[in-house]
Amino acid sequence: MTHPPCILTIAGSDSGGGAGIQADLKTMTVLGGFGMSVITALTAQNGLGVTGIHAPDADFVGLQLSTVLEGFPVAAAKTGMLFSAPIIEKVAEGLAGKTFPLVVDPVSISQSGHRLLQEDAVEALVRHMLPLADLLTPNRPEAEMLAGMPIDTATDVHTAIDRILAKGPRAVLLKGGHFEGDGQLVDWLGLPGGTPVALPQPRVNTPNNHGTGCTLSAAIATFLGLGHPLREAVVAAQQYLNRCLAESYTPGKGFGPPNHAAPCQCRG
């Protein structure tokens, strides 16, 4: 029997179940991985927004990480909400010398507008995490923050990706969900020395978009852990998220999440 690859998520917990650790573990399981977690923060959260954040001591975050790495053959990992500079530094310390691909989702603001990365932690994120990233997956506001420029045109996309690549990640996927589109959503994949490649998907008109970034990065990490090359992993993750959005629903008040179980649910 072939065992599923061990995929690690280092992120915050969403008590509403639609984003963060919960979305990551659902995604990893559905796509054939064995999901493991290092929890960087607890959030009091539902589909209406975030009402509170409690972060553990950075040393305990580091202990979670070292314990998982000592006990499991990690095939790939992703980071999401890292919250503070001390936590970022401890996570980077624990991942130094890693032998597996790492997807870094530079989470800074929740879908409802709540800050998930402290303002004084941005520099730590750039200095310590971006150089460790095999793929960085910013959305438009995050890319504008990291590139230090507005992104309005295709030319801006190329320039912003080049600026972000100069900060150390091996690849950048600039997500297109915050751009207007005529029925399409385009993510841009950029590698050092190359022209960013447009990777389109049909735009799904649904209000249930809570946790889409977490889901996409977790899916990419899982496909990388399954042995897919980077571009194939990104496209497969896009297709998975697109289906989950097409079959999304609202389990409670406010915005719902993608339906992470969509590919494996029985029909009848």
Side-chain angles (χ1 to χ4, degrees), residues 8-28 35-68 77-95 102-130 133 136-146 175 177-178 208-218 221 250-258 260:
L8 173 62
T9 171
I10 305 169
S13 169
D14 173 7
S15 56
I21 290 286
Q22 288 79 357
D24 294 343
L25 293 177
K26 292 171 188 177
T27 298
M28 292 167 182
M36 305 166 301
S37 64
V38 169
I39 298 178
T40 59
L42 304 175
T43 68
Q45 187 172 175
N46 57 29
L48 298 172
V50 179
T51 59
I53 296 174
H54 175 75
D57 183 88
D59 286 337
F60 186 70
V61 174
L63 181 60
Q64 291 179 73
L65 178 56
S66 62
T67 302
V68 170
K78 65 148 287 186
T79 65
M81 176 186 179
L82 297 177
F83 188 61
S84 71
I87 288 175
I88 289 170
E89 291 166 5
K90 190 61 68 171
V91 168
E93 177 184 317
L95 292 174
L102 175 67
V103 179
V104 174
D105 186 9
V107 175
S108 57
I109 304 292
S110 73
Q111 196 77 29
S112 60
H114 197 100
R115 177 166 285 278
L116 302 178
L117 180 69
Q118 293 179 336
E119 290 189 39
D120 62 0
V122 175
E123 182 180 349
L125 181 76
V126 172
R127 176 180 298 179
H128 298 291
M129 291 306 302
L130 267 60
L136 186 75
T137 61
N139 59 27
R140 183 182 183 180
E142 292 159 352
E144 290 178 334
M145 174 186 70
L146 294 171
K175 298 177 293 190
H178 287 78
N208 299 317
N209 55 8
H210 177 58
T212 51
C214 305
T215 300
L216 182 67
S217 57
T250 309
K253 296 178 180 178
F255 297 106
H260 298 97

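For the single chain, residues carry numbers from 1 onward in sequence order.
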Inset, instruction - Mind running side-chain contact (heavy atoms from CB on, under 4.5 Å) on Arg127 and Ile88 for me, showing each step along the way? - result: CA-CA 10 Å; Arg127 176 180 298 179; Ile88 289 170; over 6 Å; no
Inset, instruction - Measure the spacing between NZ of Lys175 and CG of Asn139 and express it to the nearest 0.5 Å. - result: 5.0 Å
Inset, instruction - Taking all non-hydrogen atoms of both residues into account, name the closest pair between Gln118 and Ser84 and its distance. - result: OE1-CB, 3.5 Å
Inset, instruction - Compare all side-chain heavy atoms of Ile53 with those of Met81 and state whether any distance is below 4.5 angstrom. - result: yes
Legend entry - Test item: Gln64 side-chain N/O and Ile39 main-chain N/O as donor-acceptor pair under 3.5 Å: yes
Legend entry - Student check: side-chain heavy atoms of Ile10 and Leu95 closer than 4.5 Å: yes
Inset, instruction - For residues Asn46 and Lys253, determine if any side-chain heavy atom of one lies less than 4.5 Å from a side-chain heavy atom of the other. - result: no
Legend entry - CG on Leu117 to CD1 on Ile87, rounded to 0.5 Å: 10.0 Å
Inset, instruction - Search all heavy atoms of Ala11 against all heavy atoms of Asp24 and return the closest pair with its distance. - result: CB-OD2, 4.0 Å
Legend entry - Nearest atoms (heavy-atom pairs only) where Ala19 meets Asp14: N-OD2, 2.8 Å
Inset, instruction - Kindly determine whether Leu8 and Leu65 satisfy side-chain contact (heavy atoms from CB on, under 4.5 Å), including the steps that lead there. - result: CA-CA 9 Å; Leu8 173 62; Leu65 178 56; 3.8 Å; yes
Inset, instruction - Mind listing the closest non-hydrogen atom pair of Phe83 and Ala121 along with its distance? - result: O-CB, 3.9 Å
Legend entry - Heavy-atom closest pair, residues Val103 and Ser217: CG1-CB, 3.9 Å
Inset, instruction - Enter the distance from Thr67:OG1 to Met36:CE here, rounded to the nearest 0.5 Å. - result: 12.0 Å
Inset, instruction - Would you check if the side chain of Ser108 reaches a backbone N or O of Glu142 as a donor-acceptor pair within less than 3.5 Å? - result: no
Inset, instruction - Taking the side chain as every heavy atom from C-beta outward, state whether Thr137 and Leu216 have any atom pair closer than 4.5 Å. - result: no
Inset, instruction - Would you check if Val107 and Leu82 make a side-chain contact, meaning some heavy-atom pair closer than 4.5 Å? - result: no
Inset, instruction - May I ask you to decide if Gly256's main-chain N or O and Asn208's side chain share a donor-acceptor pair within less than 3.5 Å? - result: yes
Inset, instruction - Considering non-hydrogen atoms only, spot the tightest contact between Gly17 and Lys26 and give its length. - result: O-NZ, 2.7 Å
Inset, instruction - Please determine if Asp57 and Lys90 form a salt bridge, counting it only when a charged side-chain N lies under 4.0 Å from a carboxylate O. - result: no
Inset, instruction - Measure the spacing between CD of Gln45 and OG of Ser13 and express it to the nearest 0.5 Å. - result: 8.5 Å
Legend entry - OG1 on Thr215 to NE2 on His210, rounded to 0.5 Å: 9.5 Å
Inset, instruction - In sequence, state the C-alpha distance, the side-chain angles, and the governing distance for Lys78 and Cys214, and then conclude on side-chain contact (heavy atoms from CB on, under 4.5 Å). - result: CA-CA 9 Å; Lys78 65 148 287 186; Cys214 305; 4.1 Å; yes
Inset, instruction - Please tell me if the side chains of Thr40 and Thr79 come closer than 4.5 Å, counting only heavy atoms from C-beta onward. - result: no
Inset, instruction - Just do the side-chain contact (heavy atoms from CB on, under 4.5 Å) check on Met145 and Val126 with the steps written out, would you? - result: CA-CA 11 Å; Met145 174 186 70; Val126 172; over 6 Å; no
Legend entry - Contact check, side chains of Pro106 and Leu136, non-hydrogen atoms, under 4.5 Å: yes
